[in-house]
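For reference, the structure is listed below as structure tokens.
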Amino acid sequence: MGPGPQIEDYGLLSDQRGSAQVRRDGSIDWLCMPRFDSAAVFTRLLGTDQHGLWQIAPATLMDGATDPASGRQYVGNTMVLRTTWNCVTGTAVVDDFMVPGGGSPRLVRIVTGLSGTVPMRSLLRARPDYGRTVPRITTFGRRHAIDLPDEHGARLWLDADTSTRVDGADLIADFTIAERETVTFGLCWREGIDSPPPSPIDDALLGFTLGFWEAWAARCTYSGPDREAVIRSLLTLGALIYNPTGAIVAAPTTSLPEEIGGVRNYDYRYGWLRDGALTAGVLRKYGYHREALAWAIWAAQASHNETGRRQIMFGVGGETDLPELELDWLPGYEGSTPVRIGNAAADQLQVDIYGELAMEFYELAQVESRWTRRIGAALVALAEELEQVWRLPDSGIWEIRGPERHFTHSKVMAWVTFDRAVRTIEAGHADGPLERWRTLRATIHTEACENAFDDDLNSFTQSYGSKELDASLLHALLSGFLPPDDKRVIGTIEAVQRELGTDDGFVLRYHTAGDDVGLDGFPGDEGRFLICTGWLAEALAMIGRPDDARTVLDSLLAIRTGLGLLAEEYEPRTGRQLGNFPQAFSHVGHLGATAAISSLGACSTTRLAGAES
């Protein structure tokens with residue numbers, strides 16, 4: 001099957017319910033159906049060939065010959081991924097997509113001959129439950145049913161308009177594609193074992209999927225520089241929406257490492273309130289009010305908690321129980337273990353989520369007048385809960401697994417919550433203890449300025465009384481906590497850029513401790529955390545330095561994959577992307593910075609190609 005892939009070798013497929021990752025060699029190495037957080041049936045991404053994959057490629061490539069020339073791109077402004085194979089005997093393309101909308105989730109792969117003839121092969125090796133199970137396959141003519149170890153007795157159904165044979169627990173098809181011919185494969189998830197899905201209507205499904213995403217992209221209201229890059233980031237965020245509820249996942253993968261061979265490997269296939277708020281915020285800025293509102297309704301309903309402490313993440317259906325487990329049968333991406341599913345951070349106290357929610361609820365209420373009172377009530381509920389916990393140390397935005405602290409970012413976000421609640425009550429859109437919250441807002445502001453600002457550093461610091469810096473301070477100061485021309489704001493931005501900025505134009509979250517256990521509770525280092533680079537660009541724009549902001553943003557744009565995707569982090573020494581992929585945070589950083597620079601009238605003409613060579 002060739003050498004192991006790099007994270008940036010993959011392309012994302014999504015139907016706004018589940019997701020797949022397609023490797024450059026035509027192999028789908030990750031597939032979660034019917035939901036983003038379903039157990040993967042192809043898990044080669046975190047294991048070996050034996051943990052499940054589905055490759056469609058020229059037979060010579062799969063037999064070990066030199067790779068034919070290939071290229072990939074998304075078709076227009078869609079999530080349909082097209083791979084072109086230029087072989088000695090001819091040229092063929094493979095269109096891969098997941099069908100959005102209702103009905104049974106379906107992954108479709110269409111092979112089309114462009115010229116000559118190309119011998120092709122499809123090898124489907126389903127290994128459900130993250131590669132642990134060898135399934136039973138039942139054949140019904142040209143249809144094959146793959147049993148899943150699911151409590152509902154679900155099956156995957158493979159349809160193909162070419163002969164497919166069973167080889168052990170694999171499904172293999174060898175065929176030759178000629179000019180103007182097509183061969184279509186469809187893999188459908190279906191609950192129950194007695195009701196096969198309808199046979200696919202291939203051309204209609206492709207046309208529908210292309211039209212769906214083109215229409216979605218056309219709703220973008222941005223017309224400034226780098227629009228192509230903006231559209232691709234928006235499409236990536238749109239692909240991370242779980243349409244049935246409005247939830248937004250942080251990323252569609254688990255356990256892709258922040259350091260190759262390291263232990264910082266987590267499951268991001270859930271709806272974080274923080275990540276969702278930031279994602280909904282940039283979607284709203286670019287015209288996607290409907291998606292932002294759907295997320296806000298989901299977030300308010302899923303996270304309502306009468307106990308006085310709000311959970312910070314949920315399953316995409318609103319599930320609260322997300323136990324963290326280690327899958328010891330998987331060797332991990334390039335030996336990076338453990339491989340984890342679930343996320344123990346769900347039980348942490350993270351005070352900043354109140355502010356993230358309050359900020360987006362407030363902004364959404366400004367553009368969705370029909371929902372003003374309902375959003376106002378949600379804001380008041382946030383402030384009422386926060387009164388009980390804002391003084392406590394917490395695990396912060398980075399979800400540290402070391403000792404809790406009084407993180408500056410968390411305290412500023414507490415201030416944001418009461419500030420937005422006060423403004424909402426003052427505008428007559430909600431009822432609440434106005435004077436008490438005005439006083440509390442002032443108390444938090446004074447305390448943070450006294451305990452978190454270091455005169456020697458001329459900067460706010462990571463936590464009360466510390467000397468460490470943290471890139472989350474940039475985001476905190478984008479909240480309106482202080483005016484942009486305040487010397488403390490400027491000093492903090494300059495300090496973060498100086499102390500956490502890197503020679504290659506990026507920004508670290510904070511300083512790690514190498515082989516020692518750091519403040520986050522783990523040994524090891526990590527790459528450049530990409531949303532932080534976006535925050536720096538946005539902060540520089542905020543204080544009136546658009547040229548500097550543009551330089552920082554260009555560093556971020558320059559490392560996008562040929563498909564326009566960004567992982568969580570970047571390692572400049574090897575030129576590799578790290579962490580779960582693609583990452584909503586990173587695309588949020590790109591879009592937030594672009595909007596900020598555009599609002600200042602910056603006119604860069606930077607253009608980046610949208611196709612791979």
Side-chain angles (χ1 to χ4, degrees), residues 1-12 21-30 43-48 67 70-72 81 229 232-233 236 250-268 330-340 471 500-512 514-515 522-534 552-587 589-590 608-613:
M1 291 292 177
Q6 296 190 353
I7 290 170
E8 56 268 28
D9 285 336
Y10 287 93
L12 172 69
Q21 297 276 347
V22 188
R23 187 180 168 181
R24 187 187 292 271
D25 67 356
S27 178
I28 295 178
D29 291 352
W30 182 255
T43 318
R44 184 194 192 195
L45 180 66
L46 300 174
T48 70
D67 292 6
S70 67
R72 296 190 305 172
L81 182 61
R232 182 47 56 189
S233 277
T236 303
T253 57
T254 181
S255 299
L256 290 177
E258 298 174 27
E259 180 183 31
I260 299 297
V263 299
R264 299 167 185 264
N265 318 317
Y266 304 106
D267 195 344
Y268 281 12
L330 290 172
Y333 178 87
E334 293 194 14
S336 304
T337 55
V339 171
R340 298 182 174 97
L500 296 179
T502 62
D503 293 340
D504 39 42
F506 299 97
V507 181
L508 303 173
R509 283 195 293 178
Y510 45 77
H511 289 299
T512 50
D515 292 337
F522 286 103
D525 296 312
E526 61 181 17
R528 279 70 167 132
F529 207 85
L530 296 182
I531 193 175
C532 301
T533 302
V552 173
L553 177 57
D554 283 345
S555 296
L556 187 59
L557 286 170
I559 63 163
R560 298 186 314 144
T561 72
L563 295 175
L565 303 178
L566 291 166
E568 183 179 25
E569 301 179 12
Y570 178 70
E571 169 46 58
R573 183 179 57 82
T574 58
R576 298 184 62 177
Q577 298 208 24
L578 296 172
N580 284 307
F581 178 81
Q583 178 83 0
F585 256 6
S586 300
H587 290 277
H590 162 219
L608 293 175
E612 295 188 8
S613 59

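Values below: all heavy atoms of this structure, side chains included; hydrogens, waters and symmetry mates excluded. The structure presented is a predicted model; accordingly, all values stated were derived computationally and were not measured.
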Please report the shortest heavy-atom distance between [X] and [Y], naming the atom on each side.
X	Y	result
Leu330	Thr337	O-CG2, 4.2 Å
Ala567	Ser586	O-OG, 2.6 Å
Pro582	His587	CB-NE2, 4.1 Å
Arg44	Ser27	NH1-OG, 3.0 Å
Arg509	Cys532	CG-SG, 3.8 Å
Gly261	Ser336	N-OG, 2.7 Å

Distance (rounded to the nearest 0.5 Å) between [X] [atom1] and [Y] [atom2]:
X	Y	atom1	atom2	value
Glu571	Ile260	CD	CD1	9.0 Å
Asp9	Leu45	CG	CG	11.0 Å
Glu334	Leu256	CD	CG	10.5 Å
Asn580	Ile7	CG	CD1	8.0 Å
Trp30	Leu46	CH2	CG	5.0 Å
Asp29	Thr253	CG	OG1	12.5 Å

Under a 4.5 Å cut-off applied to non-hydrogen side-chain atoms, are [X] and [Y] in contact?
X	Y	answer
Leu563	Leu12	no
Gln21	Pro252	yes
Gln577	Gln6	no
Asp504	Arg528	yes
Asn265	Val339	no

Checking side chain to side chain contact (heavy atoms under 4.5 Å, CB included) for the pair Phe506/Leu530: CA distance, chi angles, key distance, verdict?
CA-CA 7 Å; Phe506 299 97; Leu530 296 182; 4.1 Å; yes
Please work out whether the ring planes of Phe529 and Phe585 are parallel, tilted or perpendicular, with thresholds of 30° and 60°.
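The arrangement is perpendicular - the two ring planes meet at more than 60°.
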Does Leu500 form a side chain to side chain contact (heavy atoms under 4.5 Å, CB included) with His511? I'd like the steps, not just the answer.
CA-CA 7 Å; Leu500 296 179; His511 289 299; 3.5 Å; yes
Go through the steps for Leu578 and Glu258 under the test side chain to side chain contact (heavy atoms under 4.5 Å, CB included), then give the verdict.
CA-CA 5 Å; Leu578 296 172; Glu258 298 174 27; 5.5 Å; no
Mark yes or no for whether Ser255, through its side chain, and Arg340, through its backbone, hold a donor-acceptor pair below 3.5 Å.
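The answer is yes, because a donor-acceptor pair under 3.5 Å joins these two groups.
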Are the side chain of His590 and the backbone of Leu557 linked by a donor-acceptor contact shorter than 3.5 Å?
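Pair absent, no side-chain N/O of His590 close to backbone of Leu557.
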Under 4.0 Å between a side-chain nitrogen and a carboxylate oxygen: does that hold for Glu569 and Arg264?
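Arg264 and Glu569: not salt-bridged.
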Going through the distances and angles, do Val552 and Val507 end up as a side chain to side chain contact (heavy atoms under 4.5 Å, CB included)?
CA-CA 9 Å; Val552 173; Val507 181; 5.6 Å; no
